[in-house]
Q: 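If you scroll down you'll find the structure; I have some questions about it.
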Amino acid sequence: MGKLRMPIGVDDFEKLRTNHFYYVDKTGMIKELLENWGEVNLFTRPRRFGKSINMSMLKYFFEIGTDESLFEGLAISGETALCEEYMGQYPVISISLKQVSGISFEKAQQQLWSSVAEAAEQLDYLQESKKLNVRDKKKIYDLSEGKGNLQESLRLMSRMLYRHYGKKVIILIDEYDAPLQKAYENKYYDDMVDLIRQIFGYALKSNDSLFFSVLTGCMRISKESIFSDLNNPKIHSVNDERFDEWFGFTDEETVRMLQYLGLTEHYEATKEWYDGYRFGGQDVYCPWDVINWCDQLLNTSDRIPQNFWVNSGSTDIIRQFAEQADSMTRDQIGALIEGRTVRKKLVQDLTYRDMMEQSDHIWSILYTSGYLTHRVRYEDGSCDLCIPNREVKNIFITKIDSWFTSKVLEDEDGLKEFFTAFTSGNAEALEDCLNYLLAESVSYLDGGNYEDKETFYHGLLLGMLSNRKGWEIKSEREAGHGRADITAFSLRKKEAYIIEVKYSKDNEKMAADAQEAIDQINRLRYDQYFSRRSPKSIRHYGIAFCLKQCRVLTE
């Protein structure tokens with residue numbers, strides 16, 4: 001038998017354990033939960049940190065009739081007395097709200113009904129129960145058909161299970177806040193808040209059939225809006241030391257996986273790109289990243305780390321952050337990109353409605369959603385925040401680059417002057433134009449490392465040139481004996497341009513670096529990229545940047 005496969009997108013515990021997938025053992029969470037449970041237990045973590053697979057694990061552990069062999073060889077199997085008392089001993093209702101994303105309240109309500117109906121379908125066996133009367137069975141059947149009282153649906157199912165088994169019920173609700181996020185984005189937030197509040201109120205408070213419940217989500221929604229009817233829910237956020245190792249991969253777990261797969265030589269890259277999160281007192285890697293990265297290394301020749309986590313969801317929050325940034329915030333963005341920390345007081349109990357009411361709320365949102373993490377926490381509730389790793393750092397640079405480019409494109413006169421100078425080969429005029437446009441740039445240009453700087457300037461030029469209609473713009477294309485930074489081709493005039501970008505450590509080196517850029521274009525024969533086009537002319541640009549100044553050479 002070959003090595004275990006990487007469980008990309010697998011969030012069902014039984015499927016993972018029975019289909020030859022690699023599993024990082026998180027069953028120790030079961031023991032900790034049973035030793036510290038409350039009636040309502042909420043775990044908040046960023047997306048793609050193992051919430052769904054942990055919820056599936058809990059379902060298969062507690063559910064009556066479970067296959068106990070699923071847990072053989074795992075940590076929890078060593079807790080003999082605990083397993084005898086709890087494993088396979090409780091009726092379980094498991095529901096996920098991650099797919100509730102309608103563009104209107106009516107559509108979202110239908111999707112919520114679908115999730116409830118799916119859970120009710122799992123209870124078809126109750127139609128044969130001698131403990132339930134005809135009316136009870138009819139109510140369960142109606143729920144499976146998407147009919148009845150949605151607000152009371154979870155409580156109704158739990159009552160029927162309690163009557164049938166004579167045992168109280170465990171309710172698992174995964175991604176509880178997903179409907180609220182979509183409701184906020186699509187402007188039916190109040191209606192969805194009211195609906196979710198009633199469902200939770202009936203199921204998790206006014207419910208004598210409940211043993212305990214577990215909920216997961218990304219945001220810790222204010223108690224006043226969702227949990228106002230519940231008695232002291234136990235909330236375990238990214239700040240809490242309890243349960244801190246059960247979401248995400250620890251360094252030891254990651255090293256063990258790399259060793260098993262024969263990929264230990266990639267440990268440093270894995271750590272640089274995907275480690276750096278701190279939950280409570282535990283440093284963890286993003287599991288989605290590690291699993292996808294290992295799969296890439298095993299199945300392709302590509303050894304360049306990718307932005308797996310960032311590309312698996314929306315980055316609108318970074319765009320909003322950049323757009324709302326004032327000069328002080330831009331300074332703080334610069335500090336973060338340089339690898340420094342920013343001390344901020346965080347607000348844990350935010351609603352989606354008040355997220356954007358105060359500019360400082362954005363820091364709390366970036367923190368809870370995984371774009372920032374903490375290094376030090378203080379008694380006043382503030383934290384030293386930082387960017388966790390290379391992957392997230394890249395998205396900050398890219399989004400801020402895009403934001404700055406859009407600001408540049410708003411200056412129609414400046415952009416017209418830029419293209420006039422560029423197409424005519426007037427290096428001095430192009431230099432003056434770029435220096436003017438850079439004058440309002442974000443402050444992180446004042447620090448940081450070479451690679452980040454060159455990436456920013458490269459992106460700026462690329463964004464400006466891509467605004468030119470009738471031009472074909474390419475980046476980092478193989479040309480001659482290397483890769484040209486930027487190539488541009490005027491489809492109408494058949495004129496070609498090659499740009500090589502350099503970042504200079506000081507102003508005195510800009511002229512030499514710009515000349516080195518020109519020499520590189522010639523030495524590596526980048527002109528060959530256009531050999532099939534037979535352009536009327538090919539112009540070379542060597543552009544060296546230092547902070548908010550540049551030097552342009554052309555030939």
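Just so it is clear, the structure is predicted and the values come from calculations on it, not from any experiment.
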Q: Does D380 offer a backbone N or O that forms a donor-acceptor pair with the side chain of K345 under 3.5 Å?
A: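 At least one qualifying donor-acceptor pair exists.
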Q: Would you say the side chain of F308 lies within less than 4.5 Å of the side chain of V290, judging by non-hydrogen atoms?
A: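 Sidechains of F308 and V290: no contact.
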Q: If the test is salt bridge (Lys or Arg N to Asp or Glu O under 4.0 Å), which one of E500, E476, E478 qualifies with R483?
A: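 Checked E500, E476, E478 against R483; only one passes salt bridge (Lys or Arg N to Asp or Glu O under 4.0 Å): E478.
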Q: Look at the rings of F422 and Y541 and say which category their plane angle falls in: under 30° parallel, 30 to 60° tilted, over 60° perpendicular.
A: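 The rings of F422 and Y541 lie parallel, inter-plane angle below 30°.
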Q: Could you tell me which residues satisfy side chain to side chain donor-acceptor pair (under 3.5 Å) with T250, sequence neighbours excluded, listed by chain and number?
A: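 With sequence neighbours excluded, T250 shows a side chain to side chain donor-acceptor pair (under 3.5 Å) to E253, given in chain and number order.
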Q: Before accepting this row, confirm whether a basic side-chain N of the pair D25/R256 lies closer than 4.0 Å to the acidic partner's carboxylate O.
A: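 Result for this pair is no, no salt bridge flagged.
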Q: Can you confirm whether T373 sits close enough to R375 that some side-chain heavy atom of one is under 4.5 Å from a side-chain heavy atom of the other?
A: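 They are in side-chain contact.
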Q: Hey, what's the ring geometry for F545 with Y457, parallel, tilted or perpendicular (30° and 60° as the breaks)?
A: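 The arrangement is parallel - the two ring planes meet at less than 30°.
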Q: For D295 and N299, which I'm curious about, is there any donor-acceptor pair between the side chains at under 3.5 Å?
A: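 The answer is yes; a qualifying pair exists.
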Q: Within the supplied structure, the quantity of interest is the number of heavy atoms (other residues, nucleotides, ligands) at a distance under 6.0 Å from E252 CD; does it exceed 12?
A: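 Check fails, neighbour count at 12 or below.
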Q: Can you confirm whether or not the ring centre of F247 sits under 6.0 Å from the ring centre of F279?
A: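 Ring centres of F279 and F247 not closer than 6.0 Å.
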Q: So that I can tick it off, tell me whether E495 and R539 are bridged by a salt bridge, with the cut-off set at under 4.0 angstrom between side-chain N and carboxylate O.
A: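 E495 and R539: not salt-bridged.
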Q: If we only count heavy atoms from C-beta on, is the I291 to V24 side-chain gap below 4.5 Å?
A: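 No, too far: nothing below the 4.5 Å cut-off.
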Q: Under the salt bridge (charged side-chain N to carboxylate O under 4.0 Å, His left out) definition, can you give me all pairs with a residue in residues 423-438, not counting sequence neighbours?
A: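 Sorted pair list: E431-R551.
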Q: Any chance you could measure R303, atom CZ, to L297, atom CG, to the nearest 0.5 Å?
A: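 Rounded to the nearest 0.5 Å, the CZ-CG separation comes out at 5.0 Å.
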